[in-house]
Amino acid sequence: MNSAIDFFEEVFEHWSMSLPLPSSPPATAREQVAVLQQRISSMQATKLETKTLPTSPALAAVLPGGALRQGAAYSVEGSTTLVMALLAGPSQSGSWCGVVGLPGFGVEAAARFGIELSRLVLVPTPGEQWLTVTAALVDVLGVVVTRPPAGTSDAEAARLAARLRQRGCTLIVVGGWPQSEAVLRIDSSRWTGLGRGHGYLSGREVTVASAGRTGFDRPRRAGLWLPDAEQRFHASARPRPAIVPDLREATG
Amino acid sequence: MSGRLTRTIVFWCPDWPVVAAGQAAGHATEVPLALIDRGLVFACSAAARRDGVRRGLRVREAQYRCTGLVVAPYDPVQDSRAFEPVISRIEEITPGVQVVRPGTCAIRSRGPSRYYGGEEQAAEAVIRCLLELGIEGARIGIADGPFAAEQAARATVPGAPVHVVPPGGSPAFLAPLPIGILAGDRLATLLRRLGVHTLGEFAALDAGDVRRRFGADGAFAHEKAGGRDSRSVVPRVPPKLFDADVVFEPALDRTDQVTFGIRATADRFIETLTAARLVCTAVRVAVYTESGEVSERVWLHPRWFSPGDVVDRVRWQLQGGQAIDTGLRSGVARVHISPERMDSTAHHEQGLWGSGPDERIHHGLTRVQSMLGHEGVLTAVIGGGRLFADRQVLVPWGDRPAGDGRAEAEPWPGSLPGVAPATVFPARQPVALLQADGAPVDVDDRGLVTGEPAHFSPTGSARDYRDVEAWAGPWPVTERWWDAEHGRALHRFQLVDTDGNAWLLTLEDHRWWAEGCYD
């Protein structure tokens with residue numbers, strides 16, 4: 001962190017840089033700022049030594065840093081399939097996963113999407129002891145999915161966040177969460193295989209949108225098969241819906 | 001030769017499996033009872049035998065002969081367990097009891113006959129002792145060697161329950177008996193084909209010839225048939241008792257009080273096991289209440305029980321999913337803890353640096369389990385079935401899944417291909433599905449939809465209606481139509497609404513339910 005601040009001070013006080021810049025000088029001030037921002041963020045990433053969990057490459061585009069980070073909380077709104085997609089990567093690479101407070105978690109879907117059931121622990125109804133149970137699972141498991149009850153206070157969230165950082169566990173919250181690294185939700189979805197009176201659901205192509213922690217990050221979007229006809233997740237090859245480039249223009 | 005033979009008393013309780021099963025189920029002795037093993041009658045009570053039920057009959061044939069027949073599965077463990085108090089009582093009056101099988105015991109005759117002043121007197125003492133235990137009709141045979149003594153016990157009649165074969169009289173006693181009672185069906189059949197029909201005829205053969213022709217087994221059978229059974233009575237070594245028992249006087253009516261009361265006993269229970277270099281991997285907890293109820297259950301452990309784990313199991317058994325301070329229906333008078341399965345500590349040694357990360361996970365999950373109860377922490381396996389709720393089998397942490405994985409591999413015609421729903425509602429949710437004109441969608445007796453679904457409400461209330469974008473169905477599922485209680489007939493539909501959500505719906509008894517949601 002310190003060297004990053006030093007770097008800032010040097011840049012702003014002397015407008016000169018001790019670190020080598022890219023060979024071709026940037027044309028406009030705006031581009032220059034963008035390059036600097038990129039450099040700062042890359043340096044911070046190396047300084048903080050954040051460990052990441054192996055995540056499904058399909059989701060790299062929507063997660064900050066390209067993967068799930070240990071000790072961070074992510075929030076997923078309104079889609080259990082998206083939760084399973086996030087769990088699949090760590091579970092396949094040997095992490096134990098816990099699911100707290102989701103009595104309807106579809107085990108068969110989880111197994112088909114690649115979550116290892118022998119390393120999956122379910123606590124469907126924690127009741128009033130939600131925080132204690134989640135904290136106890138955070139102590140021992142790699143990834144914990146939880147749905148907080150309605151009246152969860154910020155203090156409780158902060159305590160849990162401290163525990164997460166200490167234990168290096170990743171928390172995936174179904175619903176809102178005050179200190180989440182990113183908020184993921186499904187923007188639009190298109191089902192394949194089902195007609196009017198014939199066929200059956202065989203696949204689903206979605207656009208996943210994620211908003212970063214501070215709200216100043218640019219929102220990320222990705223087209224995704226969730227899942228495809230072979231019950232796998234991967235980035236969709238089709239061009240994204242027309243609305244997405246428009247949004248990028250507006251925000252970028 | 002006869003110097004090597006052990007003068008033996010054998011006592012035999014006829015129909016012991018039936019007596020044991022009757023005791024366990026609380027049947028009166030005159031109830032016609034039959035125990036079934038692999039579809040055939042294994043043992044039956046005297047009342048059933050009067051009606052013509054015999055060992056080896058098919059169940060249907062037995063029920064045809066005796067219409068009031070009570071049928072129960074045969075449980076060998078039950079036999080042994082019910083026989084245990086009998087052996088301990090007999091061991092009190094005479095030492096050196098060998099259990100031949102549950103219901104039959106051999107005793108070395110020398111000690112008891114000297115103590116009681118004769119073989120008949122010793123036999124009478126044993127019969128008196130059995131009568132005190134409520135076992136009627138026990139028979140006793142006394143002869144040289146266990147085999148002859150057992151045959152003597154079987155040769156008795158109800159009126160004269162003791163048969164004494166005088167010393168040296170065993171060969172003459174055994175000679176007229178049929179060859180079939182000798183162990184080994186194949187040998188008996190072969191001998192019968194060779195024209196040897198009684199033990200006497202078999203014993204008359206030359207011992208060397210028999211050994212050459214039939215090997216060691218044949219030679220042993222030949223010795224037995226000739227009354228030269230050289231086996232001696234080997235008294236059993238009573239197994240060390242690790243059971244722990246807590247009696248509450250007065251009875252306690254709160255779970256937390258009972259839990260506190262058994263803590264010290266649980267510590268002692270595990271300490272005794274550890275001192276014997278054993279670990280316990282399954283424990284049987286029996287809770288006796290003031291009003292005479294008994295709740296018994298075997299608890300498994302994925303590793304081995306610590307004192308705290310034992311206390312937890314007792315607590316879970318008492319509260320049955322309720323909170324810790326819930327009052328009990330009736331006061332707890334006694335808690336009995338016995339190890340169901342034990343193993344040597346050598347098989348459960350910890351590695352030098354612990355047993356890896358799984359140990360940590362187990363401790364964490366056990367902590368959660370002690371907060372929420374046994375069924376609070378679950379692992380899942382995929383089982384068999386057509387409905388998704390049937391297919392996911394949830395097993396409490398530490399228990400073994402019930403099935404053997406075969407059900408999953410079956411084809412299950414009628415189950416859905418394609419995507420599995422990410423949310424499977426544990427209790428099905430009422431929904432509503434309407435046609436374009438507002439009439440509810442239904443399926444007629446021919447299995448056809450009455451109209452095309454147009455509007456869908458995921459909560460069933462009128463405010464939540466949205467349009468249907470795509471749908472398919474009905475796919476009929478008819479399960480267990482022969483069973484009025486568990487049978488069900490329903491139609492399944494898949495549906496995508498305009499919000500982009502997909503649903504799996506079921507139509508049962510003309511009402512719509514959501515089975516799952518592809519969210």
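Every chain is numbered from 1 and lettered A, B, ... according to where its sequence line falls, protein lines coming before strand lines.
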Completion exercise
Most contact-rich option vs chain A, by heavy-atom pairs under 4.5 angstrom, among B/Ala502, B/Pro421, B/Ala389, is B/Ala502

Exercise for the section: Mind checking the CE-CD spacing from B/Met371 to A/Glu128? Nearest 0.5 Å is all I need. Expected result: 13.5 Å

Practice task
Would you mind checking which part of B/Tyr518 comes under 4.5 Å of any heavy atom in chain A, side chain (CB onward), backbone (N, CA, C, O), both or neither?
Solution key: both

Practice task
Please look at B/Leu504 and chain A and tell me whether the side chain, the backbone, both or neither of the residue comes under 4.5 angstrom of a heavy atom of that chain.
Solution key: neither

Problem - Per-residue contact mode, A/Tyr200 against chain B (heavy atom under 4.5 angstrom) - result: both

Exercise for the section: State, yes or no, whether a side-chain contact exists between B/Val381 and A/Leu117 at a heavy-atom distance under 4.5 Å. Expected result: no

Handout entry: Heavy-atom proximity to chain A below 4.5 Å, by part of B/Val419
Key = both

Problem - Backbone of B/Asp519 reached by a side-chain donor or acceptor of A/Thr81 within 3.5 Å - result: yes

Practice task
Heavy atoms only: give me the nearest B/Pro426-A/Gly104 pair and the separation to one decimal.
Solution key: CD-CA, 4.0 Å

Handout entry: B/Arg428, CZ atom: more than 12 neighbouring heavy atoms under 6.0 Å
Key = yes

Completion exercise
Between A/Val140 and B/Gly364 the two heavy atoms that sit nearest each other are CG1-CA, 3.9 Å

Handout entry: B/Arg367 side chain to A/Ala136 backbone, donor-acceptor under 3.5 Å
Key = no

Problem - Portion of B/Pro453 that has a non-hydrogen atom of chain A nearer than 4.5 angstrom - result: backbone

Handout entry: Min side-chain heavy-atom separation A/Arg196-B/Trp471 under 4.5 Å
Key = yes

Handout entry: Shortest non-hydrogen contact from B/Asn501 toward A/Arg204
Key = OD1-NH2, 4.5 Å

Exercise for the section: Below 4.5 Å from any heavy atom of chain B, which atoms of A/Pro103 appear? Answer side chain, backbone, both or neither. Expected result: both

Handout entry: A/Glu108 side, atom CD; B/Arg391 side, atom CZ - distance, nearest 0.5 Å
Key = 4.0 Å

Fill in the blank from the handout: Correct closest heavy-atom pair for B/Ala472 and A/Gly199 would be CB-O, 3.1 Å

Problem - Closest approach of A/Pro124 to B/Gly376 (non-hydrogen atoms, all atoms of both residues) - result: CD-O, 3.7 Å

Exercise for the section: Using a cut-off of under 4.5 Å on heavy-atom pairs, state which of A/Gly195, A/Gly203, A/Pro227, A/Gly193 scores highest against chain B. Expected result: A/Gly195

Practice task
Pick whichever of B/Gln369, B/His363, B/Glu452 has the most heavy-atom pairs under 4.5 Å with chain A.
Solution key: B/Glu452

Handout entry: Residue pair A/Val107 / B/Val393, side-chain heavy-atom distance below 4.5 Å
Key = no

Practice task
Decide if atom CZ of B/Arg386 counts as having more than 12 heavy atoms of other residues, nucleotides or ligands within a radius under 6.0 Å.
Solution key: yes

Fill in the blank from the handout: d(B/Ile361 CD1, A/Asp139 CG) to nearest 0.5 Å is 11.5 Å

Exercise for the section: Identify the two heavy atoms, one from B/Gly500 and one from A/Trp191, that lie closest to each other, and give their separation to 0.1 Å. Expected result: O-NE1, 3.0 Å

Exercise for the section: Please confirm whether the backbone N or O of A/Leu201 pairs with a side-chain atom of B/Gln494, one donor and one acceptor, at under 3.5 Å? Expected result: yes

Practice task
May I ask you to test the B/Leu495-A/Leu194 pair for a side-chain heavy-atom distance under 4.5 Å?
Solution key: no

Practice task
Calculate, to the nearest 0.5 Å, the distance between atoms CG and OG1 belonging to A/Leu122 and B/Thr379 respectively.
Solution key: 8.0 Å

Practice task
Kindly indicate whether the side chain of B/Leu378, heavy atoms from C-beta on, has any atom under 4.5 Å from the side chain of A/Val123.
Solution key: no

Practice task
Examine distances only and state if a side-chain atom of A/Arg112 and a backbone atom of B/Gly418 form a donor-acceptor pair shorter than 3.5 Å.
Solution key: yes

